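Encoded as structure tokens, the structure appears first; notes follow it.
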Amino acid sequence: MAFKDKVYSLVKKIPRGKTKSYSEIAKLAGRPKAWRLVGSILNKNKNPNVPCHRIIRSDGFLAGYNKGLRKKERLLKKEGVKIEKGRVVH
DNA sequence: CGTATGACGTGCA
DNA sequence: GTGCACGCCATAC
């Protein structure tokens with residue numbers, strides 16, 4: 001299983017209304033120092049089965065989204081995650 | 001097969 | 001407190 005596939009699986013397992021940071025995903029995928037790839041991979045791969053909108057920066061700020069940050073923010077809010085100025089409110 | 005890249009993260013000036 | 005620069009590693013071309 002390639003690293004990217006593992007990332008996808010993990011992202012798919014993220015429960016609704018929750019967010020995960022890139023480093024967390026990379027860590028669970030087996031490459032704690034490959035968080036950079038997580039974002040890179042998700043960006044290149046537009047898989048609708050993967051809720052990539054739940055992936056945010058470790059700071060809590062929203063990073064990017066293949067469908068547009070605007071949509072990502074709205075989706076998270078819809079799922080129960082509160083966003084403020086592009087940042088996830090903990 | 002080799003090079004360049006990228007939705008990040010952290011440290012240091 | 002803010003800004004800049006480096007590091008890190010699999011994927012794509």
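All values below come from the heavy atoms of this structure, side chains included, with hydrogens, waters and symmetry mates left out. Per chain, numbering begins at 1; letters A, B, ... match sequence-line order. No experiment lies behind these values; they were computed from the predicted model shown.
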Pairwise 5' ranking along DNA chain C for Lys44(A) and Ala34(A), keeping only the more 5' one: Ala34(A)

Length of the NZ-C1' vector between Lys20(A) and dC8(B), whole Å: 17 Å

Flag if over 12 foreign heavy atoms under 6.0 Å of CZ, Arg31(A): no

Heavy atoms from other residues, nucleotides or ligands near NZ of Lys33(A) exceed 12 (cutoff 6.0 Å): no

Lys12(A) atom NZ, over 12 foreign heavy atoms within 6.0 Å: yes

Segment of DNA chain C, first to last nucleotide, that comes within the 4.0 Å heavy-atom reach of chain A: dG7(C) to dA12(C)

Short side-chain N/O contact to dA7(B) OP1/OP2 from Arg57(A), under 4.0 Å: no

Verdict with supporting geometry, Thr19(A) and Ile55(A), side chain to side chain contact (heavy atoms under 4.5 Å, CB included): CA-CA 6 Å; Thr19(A) 54; Ile55(A) 311 299; over 6 Å; no

Sugar-phosphate only, base, or nothing, as touched by Asn45(A) at under 4.0 Å among non-hydrogen atoms: nothing

Electrostatic pair Glu79(A):Lys18(A) at N-O distance under 4.0 angstrom: no

Sugar-phosphate only, base, or nothing, as touched by Ala26(A) at under 4.0 Å among non-hydrogen atoms: nothing

Arg36(A) CZ to dA4(B) C1', straight-line distance once rounded to whole Å: 12 Å

Pairwise 5' ranking along DNA chain C for Lys4(A) and Trp35(A), keeping only the more 5' one: Trp35(A)

Distance, rounded to the nearest Å, where Phe3(A) contributes CZ and dT5(B) contributes P: 21 Å

side-chain N/O Ser58(A) vs dG9(B) OP1/OP2, d < 4.0 Å: yes

Nucleotide dC8(B), atom P - distance to CG of Leu62(A) in whole Å: 12 Å

Check: Tyr65(A)/Asn43(A) side-chain N/O donor and acceptor closer than 3.5 Å: no

Nearest-Å distance for atom pair OH/C1', residues Tyr8(A) and dA7(B): 12 Å

Value in whole Å for how far the C1' atom of dA7(B) lies from CZ of Arg87(A): 18 Å

Check against side chain to side chain contact (heavy atoms under 4.5 Å, CB included), Ser58(A) and Tyr22(A): CA-CA 7 Å; Ser58(A) 60; Tyr22(A) 295 95; over 6 Å; no

Rounded distance (Å) that lies between atom C1' of dC8(B) and atom CG of Leu42(A): 12 Å

